[in-house]
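Reading through the C-alpha coordinates given below for one structure.
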2 protein chains.
Amino acid sequence: MESYEKRLRDFLLRGDKIFLPHISIDCVTFGFHDNQLKVLLLKWKDSGPWCLPGGFVKRDESLDDSAKRVLNERTGLENIYLRQFQAFGDPDRMRSKQSFDLIGAATSWVMDRFVTVGYWALVEFSKVTPRPDWLSEDCKWFDIHRVPKLIYDHNSIIIKALEALRISLNDHPVGYNLLPEKFTMPDLQKLYETILDTSLDRRNFQKKMLALDVLERLSERKTGGAHKAPFLYRFDKKKYERAVKQGIKTGF
Amino acid sequence: MESYEKRLRDFLLRGDKIFLPHISIDCVTFGFHDNQLKVLLLKWKDSGPWCLPGGFVKRDESLDDSAKRVLNERTGLENIYLRQFQAFGDPDRMRSKQSFDLIGAATSWVMDRFVTVGYWALVEFSKVTPRPDWLSEDCKWFDIHRVPKLIYDHNSIIIKALEALRISLNDHPVGYNLLPEKFTMPDLQKLYETILDTSLDRRNFQKKMLALDVLERLSERKTGGAHKAPFLYRFDKKKYERAVKQGIKTGF
DNA sequence: GTATCATTGTGTTGCTACTACACATTGTAT
DNA sequence: ATACAATGTGTAGTAGCAACACAATGATAC
(Lines give C-alpha, C1' and ligand atoms only; values in the text may rest on other atoms or scores of the structure.)
Protein backbone atom coordinates (compact mmCIF):
# COMPACT_ATOMS: atom_id res chain seq x y z
CA MET A 1 0.00 0.00 0.00
CA GLU A 2 1.53 3.21 -1.12
CA SER A 3 1.68 6.11 1.29
CA TYR A 4 -0.70 9.01 1.21
CA GLU A 5 2.10 11.40 0.27
CA LYS A 6 3.22 9.28 -2.63
CA ARG A 7 -0.29 8.84 -3.87
CA LEU A 8 -1.06 12.54 -3.60
CA ARG A 9 2.11 13.47 -5.39
CA ASP A 10 1.37 11.07 -8.20
CA PHE A 11 -2.16 12.46 -8.45
CA LEU A 12 -0.93 16.04 -8.60
CA LEU A 13 1.76 15.34 -11.13
CA ARG A 14 0.21 12.73 -13.35
CA GLY A 15 -3.54 12.76 -12.68
CA ASP A 16 -4.16 14.54 -15.96
CA LYS A 17 -3.25 11.34 -17.79
CA ILE A 18 -6.36 9.75 -16.30
CA PHE A 19 -8.66 12.72 -15.87
CA LEU A 20 -9.64 15.59 -18.15
CA PRO A 21 -8.07 18.79 -16.89
CA HIS A 22 -10.14 21.95 -16.44
CA ILE A 23 -13.37 20.03 -15.91
CA SER A 24 -14.83 18.78 -12.67
CA ILE A 25 -18.19 17.73 -11.34
CA ASP A 26 -19.70 18.59 -7.99
CA CYS A 27 -22.61 16.82 -6.34
CA VAL A 28 -25.17 18.42 -4.07
CA THR A 29 -26.57 15.39 -2.30
CA PHE A 30 -29.83 15.89 -0.45
CA GLY A 31 -31.07 13.68 2.33
CA PHE A 32 -33.95 14.02 4.76
CA HIS A 33 -33.73 13.31 8.47
CA ASP A 34 -35.41 14.61 11.63
CA ASN A 35 -37.63 16.79 9.46
CA GLN A 36 -34.60 18.57 8.12
CA LEU A 37 -33.05 18.73 4.72
CA LYS A 38 -29.45 17.57 4.81
CA VAL A 39 -26.51 18.02 2.46
CA LEU A 40 -23.51 15.75 2.27
CA LEU A 41 -20.20 17.57 2.66
CA LEU A 42 -16.58 16.57 2.58
CA LYS A 43 -13.44 17.85 4.27
CA TRP A 44 -10.08 17.48 2.63
CA LYS A 45 -7.06 16.51 4.66
CA ASP A 46 -4.88 19.36 5.87
CA SER A 47 -7.27 22.04 4.74
CA GLY A 48 -9.69 24.22 6.58
CA PRO A 49 -13.10 24.57 5.00
CA TRP A 50 -15.57 21.95 3.95
CA CYS A 51 -16.57 21.37 0.35
CA LEU A 52 -18.99 19.52 -1.87
CA PRO A 53 -18.11 15.97 -2.78
CA GLY A 54 -16.92 16.17 -6.32
CA GLY A 55 -14.34 14.82 -8.64
CA PHE A 56 -12.83 14.75 -12.04
CA VAL A 57 -13.98 13.23 -15.28
CA LYS A 58 -12.07 10.23 -16.51
CA ARG A 59 -10.92 10.55 -20.06
CA ASP A 60 -13.30 7.85 -21.27
CA GLU A 61 -16.19 8.63 -18.92
CA SER A 62 -19.34 10.68 -19.41
CA LEU A 63 -20.25 13.53 -17.08
CA ASP A 64 -23.22 11.59 -15.71
CA ASP A 65 -21.08 8.56 -15.07
CA SER A 66 -18.45 10.51 -13.21
CA ALA A 67 -21.12 12.06 -11.00
CA LYS A 68 -22.54 8.60 -10.31
CA ARG A 69 -19.11 7.27 -9.53
CA VAL A 70 -18.37 10.07 -7.08
CA LEU A 71 -21.67 9.63 -5.30
CA ASN A 72 -21.32 5.90 -5.16
CA GLU A 73 -17.90 6.27 -3.58
CA ARG A 74 -19.20 8.70 -0.94
CA THR A 75 -22.47 6.97 -0.10
CA GLY A 76 -22.15 3.36 -1.16
CA LEU A 77 -25.43 3.64 -3.05
CA GLU A 78 -26.12 2.39 -6.55
CA ASN A 79 -28.74 3.75 -8.95
CA ILE A 80 -28.78 7.18 -7.43
CA TYR A 81 -31.30 9.63 -8.84
CA LEU A 82 -29.27 12.60 -9.96
CA ARG A 83 -29.66 15.45 -12.37
CA GLN A 84 -27.27 17.88 -13.92
CA PHE A 85 -28.46 21.41 -13.27
CA GLN A 86 -25.77 23.94 -14.21
CA ALA A 87 -22.18 24.48 -15.21
CA PHE A 88 -20.19 26.97 -13.19
CA GLY A 89 -17.37 28.66 -15.02
CA ASP A 90 -16.46 32.02 -13.61
CA PRO A 91 -12.74 32.49 -14.09
CA ASP A 92 -12.28 33.50 -10.47
CA ARG A 93 -14.56 30.91 -8.90
CA MET A 94 -11.50 29.20 -7.38
CA ARG A 95 -9.93 32.36 -6.07
CA SER A 96 -9.41 30.82 -2.64
CA LYS A 97 -7.14 28.08 -3.83
CA GLN A 98 -5.96 25.25 -1.64
CA SER A 99 -2.27 24.93 -1.11
CA PHE A 100 -0.79 21.49 -1.18
CA ASP A 101 2.60 21.77 0.45
CA LEU A 102 4.27 19.36 -1.84
CA ILE A 103 6.77 19.53 -4.62
CA GLY A 104 4.98 20.06 -7.88
CA ALA A 105 1.70 21.06 -6.35
CA ALA A 106 1.99 24.70 -7.30
CA THR A 107 2.22 23.80 -10.96
CA SER A 108 -0.13 20.84 -10.84
CA TRP A 109 -3.00 20.46 -13.26
CA VAL A 110 -5.44 20.69 -10.32
CA MET A 111 -4.28 24.24 -9.55
CA ASP A 112 -5.36 25.52 -12.95
CA ARG A 113 -8.79 26.93 -13.63
CA PHE A 114 -11.72 24.49 -13.59
CA VAL A 115 -15.22 24.61 -14.96
CA THR A 116 -17.44 22.46 -12.79
CA VAL A 117 -20.69 20.79 -13.74
CA GLY A 118 -23.20 20.73 -10.90
CA TYR A 119 -25.43 17.77 -10.13
CA TRP A 120 -28.04 17.36 -7.48
CA ALA A 121 -29.05 14.01 -6.06
CA LEU A 122 -31.70 12.64 -3.76
CA VAL A 123 -30.76 9.77 -1.49
CA GLU A 124 -32.33 7.93 1.37
CA PHE A 125 -30.61 9.23 4.47
CA SER A 126 -30.79 6.00 6.45
CA LYS A 127 -29.16 3.96 3.71
CA VAL A 128 -26.10 6.16 3.49
CA THR A 129 -22.89 5.67 5.38
CA PRO A 130 -20.88 8.74 4.47
CA ARG A 131 -17.30 7.79 3.73
CA PRO A 132 -14.40 10.08 2.99
CA ASP A 133 -12.02 9.27 0.17
CA TRP A 134 -8.24 9.03 0.43
CA LEU A 135 -7.95 12.79 -0.01
CA SER A 136 -10.40 13.57 2.76
CA GLU A 137 -10.48 13.31 6.49
CA ASP A 138 -14.23 13.53 6.97
CA CYS A 139 -17.54 13.23 5.19
CA LYS A 140 -20.85 13.94 6.88
CA TRP A 141 -24.33 15.40 6.66
CA PHE A 142 -25.08 19.05 7.35
CA ASP A 143 -28.41 20.66 7.92
CA ILE A 144 -29.18 22.79 4.88
CA HIS A 145 -29.57 25.80 7.15
CA ARG A 146 -26.26 25.19 8.89
CA VAL A 147 -23.89 24.77 6.00
CA PRO A 148 -20.61 26.47 6.89
CA LYS A 149 -18.61 28.66 4.57
CA LEU A 150 -17.30 26.30 1.91
CA ILE A 151 -14.38 26.53 -0.44
CA TYR A 152 -14.59 28.24 -3.83
CA ASP A 153 -18.16 28.94 -4.95
CA HIS A 154 -19.60 25.81 -3.36
CA ASN A 155 -22.08 27.72 -1.21
CA SER A 156 -23.68 29.28 -4.26
CA ILE A 157 -23.68 25.92 -6.02
CA ILE A 158 -25.79 24.54 -3.16
CA ILE A 159 -28.18 27.48 -3.43
CA LYS A 160 -28.59 26.92 -7.15
CA ALA A 161 -29.07 23.21 -6.61
CA LEU A 162 -31.84 23.84 -4.11
CA GLU A 163 -33.53 26.20 -6.56
CA ALA A 164 -33.34 23.53 -9.24
CA LEU A 165 -34.73 20.93 -6.87
CA ARG A 166 -37.63 23.19 -5.95
CA ILE A 167 -38.46 23.85 -9.57
CA SER A 168 -38.37 20.15 -10.30
CA LEU A 169 -41.06 19.64 -7.64
CA ASN A 170 -43.43 21.30 -10.07
CA ASP A 171 -43.14 18.59 -12.65
CA HIS A 172 -41.75 15.56 -10.85
CA PRO A 173 -42.86 13.74 -7.75
CA VAL A 174 -40.32 13.59 -4.96
CA GLY A 175 -39.86 11.18 -2.17
CA TYR A 176 -38.98 7.82 -3.62
CA ASN A 177 -35.29 8.32 -3.04
CA LEU A 178 -35.66 10.46 0.04
CA LEU A 179 -38.04 8.59 2.32
CA PRO A 180 -38.02 5.06 3.72
CA GLU A 181 -40.14 2.53 1.90
CA LYS A 182 -43.18 3.01 4.10
CA PHE A 183 -44.14 6.46 5.26
CA THR A 184 -47.13 8.48 6.33
CA MET A 185 -48.76 11.38 4.58
CA PRO A 186 -47.50 13.80 7.25
CA ASP A 187 -43.99 12.47 6.59
CA LEU A 188 -44.32 13.23 2.92
CA GLN A 189 -45.78 16.64 3.63
CA LYS A 190 -42.94 17.54 5.96
CA LEU A 191 -40.50 16.58 3.25
CA TYR A 192 -42.16 18.94 0.79
CA GLU A 193 -42.43 21.67 3.37
CA THR A 194 -38.77 21.30 4.24
CA ILE A 195 -37.63 21.44 0.64
CA LEU A 196 -39.87 24.38 -0.16
CA ASP A 197 -39.39 26.05 3.21
CA THR A 198 -43.08 26.84 3.53
CA SER A 199 -46.09 25.37 5.26
CA LEU A 200 -48.77 23.66 3.25
CA ASP A 201 -52.40 22.91 3.95
CA ARG A 202 -52.61 19.34 5.19
CA ARG A 203 -55.86 18.46 3.38
CA ASN A 204 -55.04 20.05 0.06
CA PHE A 205 -51.61 18.48 0.12
CA GLN A 206 -53.09 15.03 0.59
CA LYS A 207 -55.50 15.54 -2.29
CA LYS A 208 -52.75 16.73 -4.57
CA MET A 209 -50.45 13.85 -3.73
CA LEU A 210 -53.15 11.24 -4.21
CA ALA A 211 -54.10 12.86 -7.52
CA LEU A 212 -50.58 12.21 -8.77
CA ASP A 213 -51.50 8.53 -8.76
CA VAL A 214 -48.11 7.32 -7.59
CA LEU A 215 -48.98 6.35 -4.02
CA GLU A 216 -50.35 3.13 -2.66
CA ARG A 217 -52.11 3.17 0.70
CA LEU A 218 -51.36 0.19 2.88
CA SER A 219 -53.77 -1.29 5.36
CA GLU A 220 -51.24 -0.81 8.13
CA ARG A 221 -51.08 2.27 10.24
CA LYS A 222 -48.14 3.80 11.99
CA THR A 223 -48.49 3.24 15.72
CA GLY A 224 -46.44 4.59 18.56
CA GLY A 225 -47.19 8.24 17.94
CA ALA A 226 -49.00 10.17 20.61
CA HIS A 227 -52.13 10.63 18.53
CA LYS A 228 -54.37 9.09 15.94
CA ALA A 229 -52.47 6.51 13.92
CA PRO A 230 -51.95 7.65 10.33
CA PHE A 231 -52.04 5.30 7.36
CA LEU A 232 -48.81 4.11 5.86
CA TYR A 233 -48.15 4.65 2.16
CA ARG A 234 -45.56 3.49 -0.26
CA PHE A 235 -44.72 4.49 -3.79
CA ASP A 236 -45.97 2.37 -6.63
CA LYS A 237 -42.64 2.06 -8.38
CA LYS A 238 -43.99 1.66 -11.90
CA LYS A 239 -46.38 4.57 -11.61
CA TYR A 240 -43.74 6.66 -9.89
CA GLU A 241 -41.20 6.12 -12.61
CA ARG A 242 -43.77 6.87 -15.27
CA ALA A 243 -44.59 10.12 -13.53
CA VAL A 244 -40.93 11.07 -13.22
CA LYS A 245 -40.38 10.32 -16.88
CA GLN A 246 -43.50 11.94 -18.29
CA GLY A 247 -43.55 14.83 -15.91
CA ILE A 248 -46.61 15.90 -14.01
CA LYS A 249 -48.42 19.17 -13.94
CA THR A 250 -48.71 20.56 -10.48
CA GLY A 251 -47.51 23.72 -8.91
CA PHE A 252 -46.39 24.80 -5.46
CA MET B 1 -2.46 40.10 -42.76
CA GLU B 2 -1.36 36.60 -42.12
CA SER B 3 -2.62 33.83 -44.34
CA TYR B 4 -5.44 31.52 -43.40
CA GLU B 5 -3.10 28.54 -43.30
CA LYS B 6 -0.65 30.24 -40.99
CA ARG B 7 -3.39 31.42 -38.73
CA LEU B 8 -5.03 27.99 -38.60
CA ARG B 9 -1.74 26.31 -37.88
CA ASP B 10 -1.00 28.72 -35.07
CA PHE B 11 -4.48 28.15 -33.67
CA LEU B 12 -4.11 24.38 -33.78
CA LEU B 13 -0.66 24.37 -32.26
CA ARG B 14 -0.83 27.19 -29.76
CA GLY B 15 -4.51 28.02 -29.24
CA ASP B 16 -4.44 26.31 -25.87
CA LYS B 17 -2.31 29.14 -24.53
CA ILE B 18 -5.30 31.45 -25.02
CA PHE B 19 -8.21 29.06 -24.58
CA LEU B 20 -9.03 26.40 -22.01
CA PRO B 21 -8.68 22.97 -23.58
CA HIS B 22 -11.44 20.36 -23.24
CA ILE B 23 -14.17 22.97 -22.80
CA SER B 24 -16.25 24.63 -25.45
CA ILE B 25 -19.55 26.46 -25.70
CA ASP B 26 -22.19 26.07 -28.40
CA CYS B 27 -25.00 28.49 -29.10
CA VAL B 28 -28.43 27.57 -30.40
CA THR B 29 -29.60 30.90 -31.74
CA PHE B 30 -33.28 31.21 -32.47
CA GLY B 31 -34.80 33.75 -34.82
CA PHE B 32 -38.29 34.15 -36.21
CA HIS B 33 -39.07 34.93 -39.85
CA ASP B 34 -41.87 34.15 -42.29
CA ASN B 35 -43.74 32.44 -39.47
CA GLN B 36 -40.94 29.98 -39.06
CA LEU B 37 -38.49 29.35 -36.28
CA LYS B 38 -34.94 29.67 -37.52
CA VAL B 39 -31.60 28.50 -36.18
CA LEU B 40 -28.27 30.05 -37.02
CA LEU B 41 -25.73 27.56 -38.35
CA LEU B 42 -22.15 27.73 -39.43
CA LYS B 43 -20.06 25.84 -41.97
CA TRP B 44 -16.36 25.39 -41.48
CA LYS B 45 -13.99 25.76 -44.37
CA ASP B 46 -12.98 22.54 -46.13
CA SER B 47 -15.45 20.43 -44.21
CA GLY B 48 -18.74 18.90 -45.13
CA PRO B 49 -21.46 19.23 -42.52
CA TRP B 50 -22.83 22.32 -40.85
CA CYS B 51 -22.51 22.95 -37.15
CA LEU B 52 -23.64 25.22 -34.35
CA PRO B 53 -21.77 28.47 -33.91
CA GLY B 54 -19.59 27.88 -30.91
CA GLY B 55 -16.21 28.55 -29.57
CA PHE B 56 -13.73 28.16 -26.84
CA VAL B 57 -13.44 29.77 -23.45
CA LYS B 58 -10.62 32.23 -23.00
CA ARG B 59 -8.50 31.54 -19.98
CA ASP B 60 -9.75 34.65 -18.19
CA GLU B 61 -13.32 34.62 -19.47
CA SER B 62 -16.54 33.29 -17.95
CA LEU B 63 -18.73 30.79 -19.76
CA ASP B 64 -21.48 33.36 -20.21
CA ASP B 65 -19.03 35.89 -21.58
CA SER B 66 -17.62 33.48 -24.10
CA ALA B 67 -21.13 32.64 -25.31
CA LYS B 68 -21.90 36.34 -25.62
CA ARG B 69 -18.67 36.92 -27.49
CA VAL B 70 -19.37 34.11 -29.94
CA LEU B 71 -22.89 35.33 -30.61
CA ASN B 72 -21.77 38.91 -30.98
CA GLU B 73 -19.19 37.85 -33.52
CA ARG B 74 -21.75 35.86 -35.56
CA THR B 75 -24.64 38.30 -35.38
CA GLY B 76 -23.22 41.74 -34.61
CA LEU B 77 -25.73 42.08 -31.77
CA GLU B 78 -25.02 43.31 -28.27
CA ASN B 79 -27.00 42.50 -25.13
CA ILE B 80 -28.27 39.21 -26.45
CA TYR B 81 -30.69 37.32 -24.24
CA LEU B 82 -29.11 33.93 -23.73
CA ARG B 83 -29.34 31.15 -21.23
CA GLN B 84 -27.18 28.20 -20.42
CA PHE B 85 -29.25 25.04 -20.54
CA GLN B 86 -27.03 21.96 -20.40
CA ALA B 87 -23.49 20.62 -20.54
CA PHE B 88 -22.84 17.81 -23.00
CA GLY B 89 -20.04 15.50 -22.10
CA ASP B 90 -20.37 12.06 -23.57
CA PRO B 91 -16.89 10.76 -24.27
CA ASP B 92 -17.85 9.80 -27.81
CA ARG B 93 -19.86 12.89 -28.69
CA MET B 94 -17.14 13.94 -31.14
CA ARG B 95 -16.80 10.56 -32.76
CA SER B 96 -17.05 12.05 -36.26
CA LYS B 97 -13.99 14.19 -35.92
CA GLN B 98 -12.97 16.78 -38.47
CA SER B 99 -9.66 16.26 -40.15
CA PHE B 100 -7.50 19.27 -40.68
CA ASP B 101 -4.93 18.29 -43.26
CA LEU B 102 -2.16 20.21 -41.71
CA ILE B 103 1.00 19.40 -39.86
CA GLY B 104 0.28 19.13 -36.20
CA ALA B 105 -3.48 18.98 -36.59
CA ALA B 106 -3.74 15.34 -35.63
CA THR B 107 -2.18 16.03 -32.25
CA SER B 108 -3.71 19.46 -31.75
CA TRP B 109 -5.54 20.35 -28.55
CA VAL B 110 -8.74 20.77 -30.57
CA MET B 111 -8.71 17.10 -31.54
CA ASP B 112 -8.92 15.97 -27.93
CA ARG B 113 -12.18 15.33 -26.14
CA PHE B 114 -14.35 18.36 -25.36
CA VAL B 115 -17.18 18.96 -22.96
CA THR B 116 -19.44 21.63 -24.41
CA VAL B 117 -21.79 23.93 -22.56
CA GLY B 118 -24.98 24.64 -24.48
CA TYR B 119 -26.64 28.06 -24.59
CA TRP B 120 -29.80 29.12 -26.31
CA ALA B 121 -30.41 32.66 -27.44
CA LEU B 122 -33.30 34.65 -28.84
CA VAL B 123 -32.48 37.32 -31.39
CA GLU B 124 -34.42 39.59 -33.69
CA PHE B 125 -34.07 38.07 -37.12
CA SER B 126 -34.14 41.33 -39.05
CA LYS B 127 -31.33 42.85 -37.03
CA VAL B 128 -28.92 40.01 -37.68
CA THR B 129 -26.45 39.84 -40.52
CA PRO B 130 -24.97 36.38 -40.16
CA ARG B 131 -21.24 36.49 -40.59
CA PRO B 132 -18.84 33.59 -40.73
CA ASP B 133 -15.59 33.75 -38.83
CA TRP B 134 -12.14 33.16 -40.25
CA LEU B 135 -12.53 29.41 -39.80
CA SER B 136 -15.84 29.28 -41.64
CA GLU B 137 -17.02 29.70 -45.17
CA ASP B 138 -20.69 30.32 -44.44
CA CYS B 139 -23.11 31.29 -41.71
CA LYS B 140 -26.86 31.40 -42.28
CA TRP B 141 -30.31 30.73 -40.94
CA PHE B 142 -32.03 27.36 -41.25
CA ASP B 143 -35.65 26.56 -40.70
CA ILE B 144 -35.88 24.52 -37.49
CA HIS B 145 -37.60 21.78 -39.43
CA ARG B 146 -34.94 21.71 -42.15
CA VAL B 147 -31.78 21.48 -40.13
CA PRO B 148 -29.41 19.13 -41.95
CA LYS B 149 -27.30 16.46 -40.29
CA LEU B 150 -24.75 18.37 -38.25
CA ILE B 151 -21.36 17.42 -36.89
CA TYR B 152 -20.90 15.68 -33.56
CA ASP B 153 -24.01 15.73 -31.36
CA HIS B 154 -25.13 19.17 -32.53
CA ASN B 155 -28.52 17.94 -33.76
CA SER B 156 -29.39 16.65 -30.32
CA ILE B 157 -28.10 19.87 -28.75
CA ILE B 158 -30.64 21.78 -30.86
CA ILE B 159 -33.41 19.43 -29.77
CA LYS B 160 -32.52 19.93 -26.12
CA ALA B 161 -32.31 23.69 -26.61
CA LEU B 162 -35.78 23.76 -28.11
CA GLU B 163 -37.11 21.75 -25.19
CA ALA B 164 -35.52 24.21 -22.78
CA LEU B 165 -36.97 27.15 -24.70
CA ARG B 166 -40.44 25.63 -24.62
CA ILE B 167 -40.25 25.02 -20.89
CA SER B 168 -39.13 28.59 -20.35
CA LEU B 169 -42.32 29.77 -22.07
CA ASN B 170 -44.15 28.57 -18.99
CA ASP B 171 -42.49 31.07 -16.72
CA HIS B 172 -41.10 33.78 -18.93
CA PRO B 173 -42.67 35.91 -21.61
CA VAL B 174 -41.13 35.60 -25.04
CA GLY B 175 -41.02 37.99 -27.92
CA TYR B 176 -39.01 40.99 -26.89
CA ASN B 177 -35.87 39.72 -28.55
CA LEU B 178 -37.62 37.82 -31.30
CA LEU B 179 -40.11 40.25 -32.82
CA PRO B 180 -39.71 43.74 -34.25
CA GLU B 181 -40.58 46.62 -31.96
CA LYS B 182 -44.16 46.90 -33.14
CA PHE B 183 -46.14 43.80 -33.87
CA THR B 184 -49.70 42.55 -33.92
CA MET B 185 -51.33 40.01 -31.67
CA PRO B 186 -51.49 37.48 -34.53
CA ASP B 187 -47.74 37.96 -34.99
CA LEU B 188 -47.13 37.15 -31.36
CA GLN B 189 -49.46 34.20 -31.50
CA LYS B 190 -47.72 32.76 -34.55
CA LEU B 191 -44.43 33.06 -32.72
CA TYR B 192 -45.76 31.04 -29.79
CA GLU B 193 -47.40 28.53 -32.10
CA THR B 194 -44.19 28.10 -34.02
CA ILE B 195 -42.07 27.59 -30.94
CA LEU B 196 -44.55 25.18 -29.42
CA ASP B 197 -45.50 23.57 -32.71
CA THR B 198 -49.20 23.65 -31.88
CA SER B 199 -52.17 25.82 -32.69
CA LEU B 200 -53.68 28.01 -30.02
CA ASP B 201 -57.08 29.58 -29.66
CA ARG B 202 -56.88 33.15 -30.87
CA ARG B 203 -59.13 34.68 -28.21
CA ASN B 204 -57.74 32.80 -25.24
CA PHE B 205 -54.23 33.56 -26.36
CA GLN B 206 -54.98 37.26 -26.47
CA LYS B 207 -56.47 37.20 -23.00
CA LYS B 208 -53.50 35.32 -21.60
CA MET B 209 -50.98 37.65 -23.15
CA LEU B 210 -52.77 40.78 -21.97
CA ALA B 211 -53.04 39.27 -18.50
CA LEU B 212 -49.25 39.07 -18.37
CA ASP B 213 -49.27 42.86 -18.22
CA VAL B 214 -46.21 43.34 -20.38
CA LEU B 215 -47.87 44.62 -23.56
CA GLU B 216 -48.82 48.11 -24.54
CA ARG B 217 -51.46 48.56 -27.21
CA LEU B 218 -50.75 51.40 -29.61
CA SER B 219 -53.41 53.50 -31.27
CA GLU B 220 -51.98 52.59 -34.66
CA ARG B 221 -53.15 49.61 -36.63
CA LYS B 222 -51.29 47.58 -39.16
CA THR B 223 -52.60 48.35 -42.61
CA GLY B 224 -51.80 46.71 -45.91
CA GLY B 225 -53.16 43.31 -45.01
CA ALA B 226 -56.07 41.91 -46.96
CA HIS B 227 -58.44 42.13 -44.02
CA LYS B 228 -59.42 43.99 -40.93
CA ALA B 229 -56.48 45.98 -39.64
CA PRO B 230 -55.19 44.61 -36.35
CA PHE B 231 -53.85 46.76 -33.54
CA LEU B 232 -50.15 47.14 -33.09
CA TYR B 233 -48.56 46.34 -29.76
CA ARG B 234 -45.18 46.77 -28.25
CA PHE B 235 -43.57 45.48 -25.10
CA ASP B 236 -43.41 47.72 -22.07
CA LYS B 237 -39.73 47.23 -21.42
CA LYS B 238 -39.84 47.78 -17.68
CA LYS B 239 -42.79 45.48 -17.15
CA TYR B 240 -41.32 42.92 -19.54
CA GLU B 241 -38.03 42.80 -17.71
CA ARG B 242 -39.75 42.55 -14.39
CA ALA B 243 -41.77 39.61 -15.70
CA VAL B 244 -38.66 37.91 -17.08
CA LYS B 245 -36.89 38.38 -13.79
CA GLN B 246 -39.70 37.43 -11.46
CA GLY B 247 -41.09 34.71 -13.62
CA ILE B 248 -44.75 34.38 -14.47
CA LYS B 249 -47.16 31.59 -13.91
CA THR B 250 -48.77 30.44 -17.06
CA GLY B 251 -48.86 27.15 -18.80
CA PHE B 252 -49.09 26.01 -22.39
C1' DG C 1 -61.88 3.54 33.31
C1' DT C 2 -62.69 7.95 31.48
C1' DA C 3 -61.90 12.53 29.89
C1' DT C 4 -58.71 15.21 27.19
C1' DC C 5 -56.54 16.68 23.20
C1' DA C 6 -53.63 16.88 19.45
C1' DT C 7 -53.65 14.75 15.26
C1' DT C 8 -55.68 12.34 11.33
C1' DG C 9 -59.51 11.19 7.70
C1' DT C 10 -62.79 13.18 4.78
C1' DG C 11 -65.46 16.17 3.19
C1' DT C 12 -67.73 21.17 1.23
C1' DT C 13 -67.71 25.86 -0.50
C1' DG C 14 -66.14 29.51 -3.25
C1' DC C 15 -62.96 31.51 -6.30
C1' DT C 16 -59.88 31.70 -10.24
C1' DA C 17 -58.23 30.31 -14.49
C1' DC C 18 -58.70 28.05 -18.36
C1' DT C 19 -61.40 25.97 -22.46
C1' DA C 20 -64.63 26.18 -25.84
C1' DC C 21 -67.41 28.65 -28.11
C1' DA C 22 -70.64 33.10 -30.69
C1' DC C 23 -71.19 37.28 -32.67
C1' DA C 24 -70.37 41.76 -34.22
C1' DT C 25 -66.77 44.69 -36.69
C1' DT C 26 -63.72 46.09 -40.41
C1' DG C 27 -60.50 46.62 -44.38
C1' DT C 28 -59.63 44.84 -48.85
C1' DA C 29 -60.94 42.56 -53.05
C1' DT C 30 -64.44 41.63 -56.47
C1' DA D 1 -72.19 47.74 -52.97
C1' DT D 2 -71.21 43.05 -51.60
C1' DA D 3 -68.56 39.20 -50.13
C1' DC D 4 -65.06 37.49 -47.42
C1' DA D 5 -61.66 36.62 -44.30
C1' DA D 6 -59.60 38.07 -40.48
C1' DT D 7 -59.91 40.89 -36.12
C1' DG D 8 -62.12 42.73 -31.47
C1' DT D 9 -64.80 41.44 -27.69
C1' DG D 10 -67.78 38.72 -24.86
C1' DT D 11 -70.04 34.48 -22.38
C1' DA D 12 -71.00 29.77 -20.48
C1' DG D 13 -69.17 25.65 -18.61
C1' DT D 14 -65.51 23.28 -16.28
C1' DA D 15 -61.40 21.92 -13.75
C1' DG D 16 -58.31 22.91 -10.26
C1' DC D 17 -57.05 25.03 -6.27
C1' DA D 18 -57.37 27.53 -1.70
C1' DA D 19 -59.81 28.05 2.46
C1' DC D 20 -62.30 26.05 5.81
C1' DA D 21 -65.47 22.47 9.07
C1' DC D 22 -66.29 18.46 11.40
C1' DA D 23 -66.07 13.74 12.80
C1' DA D 24 -62.86 9.89 14.22
C1' DT D 25 -59.02 8.05 16.88
C1' DG D 26 -55.28 6.71 19.89
C1' DA D 27 -52.12 7.75 23.48
C1' DT D 28 -51.83 10.38 27.81
C1' DA D 29 -53.27 12.27 32.28
C1' DC D 30 -56.03 11.70 36.04
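Lettering follows sequence order; numbering is per chain, from 1.
- Residues Lys207(B) and Pro186(B) each lie close to DNA chain D; by heavy-atom proximity, the contact nearer the 5' end of the strand is made by Pro186(B).
- Annotation: cation-pi geometry not satisfied between Lys239(A) and Phe235(A) (NZ/CZ under 6.0 angstrom from ring centroid, within 45° of ring axis).
- Taking the six-membered ring for Trp and thresholds of 30 and 60 degrees, Phe125(A) and Trp141(A) have ring planes inclined between 30 and 60 degrees apart.
- Relative to the ring axis of Phe231(A), Arg217(A) places its NZ or CZ within 45° and under 6.0 Å from the centre.
- For DNA chain C, the span of nucleotides reached by chain A at under 4.0 Å from its heavy atoms goes, 5' to 3', from dA6(C) to dT12(C).
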With the criterion being N/O to N/O and under 3.5 Å, what pairs connect the protein with nucleotides 22-30 of chain D, and how long is each?
| residue | atom | partner | partner atom | Å |
| --- | --- | --- | --- | --- |
| dA24(D) | N3 | Lys228(A) | NZ | 3.4 |

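- Put simply, CZ on Phe205(A) is 13 Å from P on dC17(D), counting in whole angstrom units.
- The two atoms that bring Pro130(B) and Cys139(B) nearest to each other are CB-O, 3.2 Å, heavy atoms only.
- Shown are Ile157(B), Leu71(B), Leu63(B); of these, the side-chain contact (heavy atoms from CB on, under 4.5 Å) with Tyr119(B) is made only by Leu63(B).
- Summarising the geometry of Leu178(B) relative to Ile195(B), their closest heavy-atom pair is CD2-CD1, 4.2 Å, with the distance given to 0.1 Å.
- One can place CG of Leu210(B) at 15 Å from P of dT7(D), the figure rounded to the nearest angstrom.
- Other residues, nucleotides and ligands place more than 12 heavy atoms under 6.0 Å from the CZ atom of Phe85(A).
- When the options Val128(B), Thr75(B), Asn177(B) are evaluated for a side-chain contact (heavy atoms from CB on, under 4.5 Å) with Ile80(B), the one that passes is Thr75(B).
- In this structure, Lys208(B) and Asp201(A) both approach DNA chain C, and ranking their closest nucleotides by distance from the 5' end singles out Asp201(A).
- Note: CG (Leu232(B)) to P (dT7(D)) measures 13 Å, nearest angstrom.
- Going from atom CZ of Phe231(B) over to atom C1' of dA6(D) covers 14 Å, rounded to whole Å.
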Worksheet item: Under the side chain to side chain contact (heavy atoms under 4.5 Å, CB included) criterion, do Trp44(B) and Cys51(B) qualify, and how do the steps go?
Response: CA-CA 8 Å; Trp44(B) 291 340; Cys51(B) 64; 3.7 Å; yes
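- Across the protein-nucleic acid pair, Ile248(A) atom CD1 and dG16(D) atom C1' stand 15 Å apart, rounded to whole Å.
- For the pair Leu218(B) CG and dG8(D) C1', the computed distance is 16 Å after rounding to whole Å.
- Annotation: of the two residues near DNA chain D, Thr184(B) and Asn204(B), the 5′-most nearest-nucleotide partner is Thr184(B).
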